[in-house]
Peer 1: 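The following block contains the structure, expressed as structure tokens.
The structure presented is a predicted model; accordingly, all values stated were derived computationally and were not measured.
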Amino acid sequence: MLVSEILRIKGSTLFTATPDMSVKDAVHSMAEQDIGSLVVMDKGKLVGMLTFRELIKVLDERGAELKSLAVGAIMEANPLTADPHMEVNALRGAMLERHARYIPIMEAGTLMGVLSFHDVAKAVFEEQSFENRMLKSYIKNWPDEEETAAQTS
């Protein structure tokens, strides 16, 4: 399965922030949309990711300042990205290795979407469930030896 297949099913809604946006506004947007990340864009280019991981870290270190900071001050600059033609298992491995929960999907410098670890896990689960159902159906309908012998005589 390719990353593009998950994006096609998930849809193309994107939620973004700019580096100069206030963290207060970014948090409000994330809460309002019930999302765990914002893609940080500057002049049409991906410059970072803001996830609840960065927010928790800054809240712990500089809690009182959090609302007065700009997104650019706390975002993950140069986040891990993936290509839509990448195999999902390769994406899963990269996400696990980097402890990344959200991955921007880029094609030729254009942001195509964002996949979460949940999106990837759900797609893999559904694909495996489908394959399991097909295999069970195939095995259940496998002709036994007596049927095969009767058909050949």
Peer 1: Taking the side chain as every heavy atom from C-beta outward, state whether Leu46 and Met106 have any pair of such atoms under 4.5 Å apart.
Peer 2: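 In contact.
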
Peer 1: Listed by chain and number, what are the side chain to side chain contact (heavy atoms under 4.5 Å, CB included) partners of Leu59, not counting sequence neighbours?
Peer 2: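 Leu59: side chain to side chain contact (heavy atoms under 4.5 Å, CB included) contacts with Leu66.
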
Peer 1: Give every residue pair that meets the side-chain hydrogen bond (donor to acceptor under 3.5 Å, both in side chains) criterion with at least one member in residues 35-45, sequence neighbours excluded.
Peer 2: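 Those involving residues 35-45 do not exist here.
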
Peer 1: What heavy-atom pair brings Phe52 and Arg101 nearest, and what distance separates the two atoms?
Peer 2: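 Taking Phe52 first and Arg101 second, the nearest heavy atoms are CZ-CD, 3.5 Å.
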
Peer 1: Assigning hydrophobic clusters by single linkage (Ile, Leu, Val, Met, Phe, Trp, Tyr; side-chain heavy-atom cutoff under 4.5 Å), is Ile139 placed with Met134?
Peer 2: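 The answer is no; the residues belong to distinct hydrophobic clusters.
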
Peer 1: Is there a chain of hydrophobic side chains (I, L, V, M, F, W, Y, each step under 4.5 Å between heavy atoms) that links Ile74 to Leu38?
Peer 2: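 Same cluster.
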
Peer 1: Side-chain contact test, heavy atoms from C-beta onward, threshold under 4.5 Å: evaluate it for Glu54 versus Ile56 and give yes or no.
Peer 2: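 Counting from C-beta outward, Glu54 and Ile56 never come under 4.5 Å.
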
Peer 1: Looking at side-chain heavy atoms only, is the closest gap between Met41 and Val47 below 4.5 Å?
Peer 2: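 No, side chains not in contact.
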
Peer 1: What heavy-atom pair brings Arg98 and Pro79 nearest, and what distance separates the two atoms?
Peer 2: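 Heavy atoms of Arg98 and Pro79 come nearest at NH2-C, 4.2 Å.
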
Peer 1: Any heavy-atom pair between the side chains of Arg53 and Glu76 that's under 4.5 Å?
Peer 2: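 No - every pair of side-chain heavy atoms lies 4.5 Å or more apart.
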
Peer 1: Please report the closest heavy-atom contact between Val71 and Ser22, naming both atoms and the distance.
Peer 2: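 For Val71 and Ser22, the tightest heavy-atom pair comes out as CG2-O, 4.0 Å.
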
Peer 1: Are Met30 and Val39 linked, directly or through intermediate hydrophobic residues, by side-chain heavy-atom contacts shorter than 4.5 Å (ILVMFWY only)?
Peer 2: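 Per the 4.5 Å side-chain linkage, Val39 and Met30 are not co-clustered.
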
Peer 1: Check whether any side-chain heavy atom of Val40 lies under 4.5 Å from a side-chain heavy atom of Met21, and answer yes or no.
Peer 2: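 No; the side chains remain at least 4.5 Å from each other.
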
Peer 1: Show every donor-acceptor pair shorter than 3.5 Å between a side-chain atom in residues 110-125 and any protein atom, with sequence neighbours excluded, or say none if there are none.
Peer 2:
residue	atom	partner	partner atom	Å
Ser116	OG	His118	N	3.3
Ser116	OG	Asp119	N	3.0
Ser116	OG	Asp119	OD1	3.4
Ser116	OG	Asp119	OD2	3.2
Asp119	OD2	Lys10	NZ	2.8
Asp119	OD2	Ser116	N	2.9

Peer 1: Please report the closest heavy-atom contact between Ala70 and Pro19, naming both atoms and the distance.
Peer 2: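 In this case the closest contact between Ala70 and Pro19 is CB-O, 3.5 Å.
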
Peer 1: Tell me the closest heavy-atom pair linking Glu87 and Leu2, and the distance in Å.
Peer 2: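 Residues Glu87 and Leu2, closest heavy atoms: OE2-CD2, 3.5 Å.
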
